[in-house]
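Quick notes on the structure that follows.
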2 protein chains.
Amino acid sequence: MQNRLANIILFHRKRSGLTQQELAELAGVGKNMVYELESGKQSVRLENLLKVLQVLNIELDFHSPLREAFLKEYSDAKG
Amino acid sequence: MQNRLANIILFHRKRSGLTQQELAELAGVGKNMVYELESGKQSVRLENLLKVLQVLNIELDFHSPLREAFLKEYSDAKG
DNA sequence: CTGTCTTTCCCTGTAAAAAGGGAAAATATC
DNA sequence: GATATTTTCCCTTTTTACAGGGAAAGACAG
């Protein structure tokens, strides 16, 4: 348990009553992947992180000084 | 240009006046990595994504139904 | 149109993330 | 304290992301 992301995942998994193994199966990743995520390893594939977050109903967002400008242009472009 | 993350990165890079190559050098990753990020590839390593986001001054955040509960417990635990 | 810069997308070798098995350590349940 | 469950952390093999080089395609300036 080292970084914020690891904590977020651990917290949500515990609240959902899942073991690492169960979460791994639901996300379609290996059990070791979940363990590594929760121990703060940052060399995991983004793909696999996203699968795990999806199972736990966690959405990623960003913020930056350009956030508003981006959202305007992005929604304009996408309709 | 496929997903939201790719768009965010492209937008911020353009606004900062950097080429893919320059961003890659600043982030300490290969030029192909930046290209892949911007073309929506999700198999990149989280580590490398974070390096790129840091150069562009983009912070990741999350939200979920348990967000408030997590923040409370997390700040309590960390002081 | 011509030359410069940038992006897209090949290629190759190397490093390492992946899954899955297994077993000791830790934690929880009785 | 014994037993069951879960987590931590080994191992091996397979897969693949990575850097860096290179070159065609695209964008942009003079």
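Reminder, nothing fancy here: chain letters follow the sequence lines and each chain counts from 1. Keep in mind that what you see is a predicted model, and the values were worked out from it rather than measured.
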Can you measure [X] atom [atom1] to [N] atom [atom2] for me and round it to whole angstrom units?
{"X": "B:Glu22", "N": "C:dC5", "atom1": "CD", "atom2": "C1'", "answer": "11 Å"}
{"X": "A:Gln21", "N": "D:dT8", "atom1": "CD", "atom2": "C1'", "answer": "13 Å"}
{"X": "B:Leu50", "N": "D:dC18", "atom1": "CG", "atom2": "P", "answer": "12 Å"}
{"X": "A:Leu37", "N": "D:dC9", "atom1": "CG", "atom2": "P", "answer": "15 Å"}
{"X": "B:Tyr35", "N": "D:dA27", "atom1": "OH", "atom2": "C1'", "answer": "15 Å"}
{"X": "A:Lys51", "N": "C:dA17", "atom1": "NZ", "atom2": "C1'", "answer": "13 Å"}
{"X": "A:Glu47", "N": "C:dA19", "atom1": "CD", "atom2": "C1'", "answer": "14 Å"}
{"X": "A:Lys41", "N": "D:dT7", "atom1": "NZ", "atom2": "P", "answer": "18 Å"}

Look up atom CD1 in A:Ile8 and atom NE2 in B:His63, then write down how far apart they are to the nearest 0.5 Å.
->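 Atom-to-atom, A:Ile8:CD1 and B:His63:NE2 are 12.0 Å apart.
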
B:Val44 or B:Lys31: which one's nearest nucleotide on DNA chain D is closer to the 5' end?
->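 First, find each residue's nearest nucleotide; the 5'-ward one identifies B:Val44.
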
Where each residue is assigned the nucleotide of DNA chain C containing its nearest heavy atom, which of B:Asn32 and B:Thr19 is assigned the position nearer the 5′ end?
->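 It is B:Thr19 whose nearest nucleotide is closer to the 5' end.
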
When you check the phosphate oxygens OP1 and OP2 of [N], does a side-chain N or O of [X] lie under 4.0 Å from one of them?
{"X": "B:Gln20", "N": "C:dT8", "answer": "yes"}
{"X": "A:Arg45", "N": "D:dA17", "answer": "yes"}
{"X": "B:Lys14", "N": "C:dT7", "answer": "yes"}

Return each pair, listed once, that meets salt bridge (charged side-chain N to carboxylate O under 4.0 Å, His left out) where at least one residue sits in residues 5-17 of chain A; pairs must be two or more places apart or across chains.
->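 Pairs touching residues 5-17 of chain A that pass the test: A:Arg13-A:Glu38.
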
Mind checking B:Glu36 for me? I need base, sugar-phosphate or nothing, with any heavy atom below 4.0 Å counting as a touch.
->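 Touches sugar-phosphate only.
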
Output the single nucleotide from C:dA18, D:dA19, D:dT7 whose closest atom is nearest the side chain of A:Arg13.
->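 In terms of side-chain proximity for A:Arg13, the closest of C:dA18, D:dA19, D:dT7 is D:dT7.
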
Quick one: which of C:dA17, C:dA19, D:dT8 gets closest to the side chain of A:Met33?
->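 The answer is C:dA19, which lies nearest to the side chain.
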
Can you label the angle between the B:Phe62 ring and the B:Phe70 ring as parallel, tilted or perpendicular, going by 30° and 60°?
->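 Perpendicular: the ring planes of B:Phe62 and B:Phe70 meet at over 60°.
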
Mark yes or no for whether A:Asn57, through its side chain, and A:Leu53, through its backbone, hold a donor-acceptor pair below 3.5 Å.
->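 It does not hold such a pair.
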
Test item: B:Tyr35 and B:Lys41 side chains (from C-beta on) under 4.5 Å apart, heavy atoms =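 Of all side-chain heavy-atom pairs linking B:Lys41 with B:Tyr35, none is under 4.5 Å.
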
Do B:Asn48 and D:dC18 share a donor-acceptor pair, side chain to base, under 3.5 Å?
->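 Answer no: no donor N or O sits under 3.5 Å from an acceptor.
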
